[in-house]
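Computed over heavy atoms, backbone and side chain alike; hydrogens, waters and symmetry mates excluded. Proteins get letters first, then strands, A, B, ... in listed order; numbering begins at 1 in each.
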Protein chains: 2
Amino acid sequence: MKSLKISEAVVRRLPIYLRFLNELNMRNVQTVSSQDLGQKLELNPAQIRKDLAYFGEFGKKGIGYDVVYLIEKIRQILKLDQHINVALVGAGNLGRALSNYNAYLRDNMKIVAVFDAVPDKIGARINNLAVQPMSELIETIHRLKVRIGIITVPAGEAQNVADEFVKAGVEAILNFAPVIIKVPNEVRVHHADFTTELQSLAYYLD
Amino acid sequence: MKSLKISEAVVRRLPIYLRFLNELNMRNVQTVSSQDLGQKLELNPAQIRKDLAYFGEFGKKGIGYDVVYLIEKIRQILKLDQHINVALVGAGNLGRALSNYNAYLRDNMKIVAVFDAVPDKIGARINNLAVQPMSELIETIHRLKVRIGIITVPAGEAQNVADEFVKAGVEAILNFAPVIIKVPNEVRVHHADFTTELQSLAYYLD
DNA sequence: TAGATTGTTAATCGATTAACAATC
DNA sequence: TAGATTGTTAATCGATTAACAATC
């Protein structure tokens, strides 16, 4: 049953569930129903139950889901119960902004290295990390066991950076550059491009 | 036929087509087929033809699509042929990063005002704009005819900012805060949350 | 017990893809 | 003309939602 292929849509909702569950937990809420979750997250309760049921039977009939237990389970599913080291290339404003989110990610995922190709930026401190030159990327990624790479360089350099990440053995890449990057099948890429986001938003203006 | 409901998936692909078409145009490519586009963008050619066909007959059988003409058409569809003013609340690193993308957006969408609730930040210059206090938000948005609002404040403040935007009559909101904000039906919200993006990426690690 | 809510099956809905006549 | 490629219909695939027996 673990081998069942889970759709990307399901995986994308899990972090959203998790975030709200954490909020409930901080408010000392013990239990939550798919009804409650659906209302708050604007999702269909049946969908939430089905999403969770792909991974196990986490709820109790007549009661709902234990908040603490469900948090634990979703964290396991998303592999957030282990430390995951992340490296970032592109020490601009965006790179800086992302680095500062470290605190939010609660020590599970952590940006442990920052690189940039521009000589002027080498050595600058970003969130307690010294910006390193690209020449140190592969060695550093091996040494720190970095598994995820974040790209925050201009579009023209994104593919090169992706290639370096792949060479270094990174397993997944989050690309903020407004360009589609090509990587081998075994590397997972997500695109987080706010320009396309803004442009599609414009469509909905009157 | 213009009244046909276009799915969100289609609208999200249009900016991606546009971006690549602009690239082709800069390389002086005259014509492109759905085949070419599909290969480069990793999409099914039939899907691309169908997406475009929702809005008109933009191609020529046996030839493909005229790059310049298709750019023009997609820009019209996305309303990028008109000036759209954007306001941003949250003058942190992320807000600063987004403001700097103005150049990229080529004068169509333009961030014309930046606000922050923190007194220390008022008056600071971000990309030639003085950060304004929240008390000036509604007046400024009216005066500058701002139609889109961007939220780059911490999660706890995002809903308040959204409420202010709605009061000011903004038509659409792009929310970067890791929380789901509620707005009236007539206001469109897109969520661009990189923490959930990173967390779902973790799922695909081995 | 009665009420609530899960897990899951079946029904529905919507999106993607294949196929091909039309035609440049 | 022959080859290429569109626009579009039909087929397929997948995701969402409704419904409900099981059960806390």
Practice problem: Decide yes or no on side-chain contact (heavy atoms from CB on, under 4.5 Å) for A:His83 and A:Met109, but give the supporting numbers first. | Solution: CA-CA 6 Å; A:His83 286 283; A:Met109 283 203 201; over 6 Å; no
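- Sorted by first and then second residue, the pairs that involve residues 166-186 of chain A and meet side-chain hydrogen bond (donor to acceptor under 3.5 Å, both in side chains), not counting sequence neighbours, are A:Arg147-A:Glu171, A:Glu164-A:Lys167, A:Asn175-A:His191.
- Atom CG in A:Leu41 sits about 14 Å away from atom P in D:dT17, given to the nearest Å.
- Between the CD atom of B:Gln47 and the C1' atom of C:dA19 there is a distance of 16 Å, rounded to whole Å.
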Quiz item: Can you check side-chain contact (heavy atoms from CB on, under 4.5 Å) on A:Leu43 and A:Leu37, steps first, answer last?
Solution: CA-CA 8 Å; A:Leu43 295 170; A:Leu37 280 166; over 6 Å; no
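- The two residues B:Gly95 and B:Ser99 make their nearest non-hydrogen contact at O-OG, 2.8 Å.
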Quiz prompt | Trace of the side-chain contact (heavy atoms from CB on, under 4.5 Å) decision for B:Ile111 with B:Leu129 | solution = CA-CA 9 Å; B:Ile111 296 176; B:Leu129 295 169; 4.2 Å; yes
Exercise. Sugar-phosphate atoms are those with a prime plus P, OP1 and OP2; base atoms are the rest. Using that split, label each nucleotide of nucleotides 2-14 of chain D B, S or - for protein heavy atoms under 4.0 Å, 5' to 3'.
Key: --BBBBBB-----
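- Counting all heavy atoms, side chain and backbone alike, B:Leu52 lies closest to B:Phe58 at O-CE1, 3.7 Å.
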Exercise. Give the dot-bracket string for DNA chain C, reading 5' to 3', where a pair is Watson-Crick or G-U wobble with both distances under 3.5 Å, ( ) marks pairs inside the strand, [ ] marks pairs crossing earlier ones, | marks a partner on another strand, and . marks unpaired.
Key: ..||||||||||||||||||||||
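- Listed here is the closest heavy atom pair of A:Val11 and A:Pro15: O-CD, 3.0 Å.
- Residue-environment remark: CD (B:Glu139) exceeds the threshold of 12 foreign heavy atoms within 6.0 Å.
- One atom, CG of A:Asp51, and another, C1' of D:dT17, lie 12 Å apart when rounded to the nearest Å.
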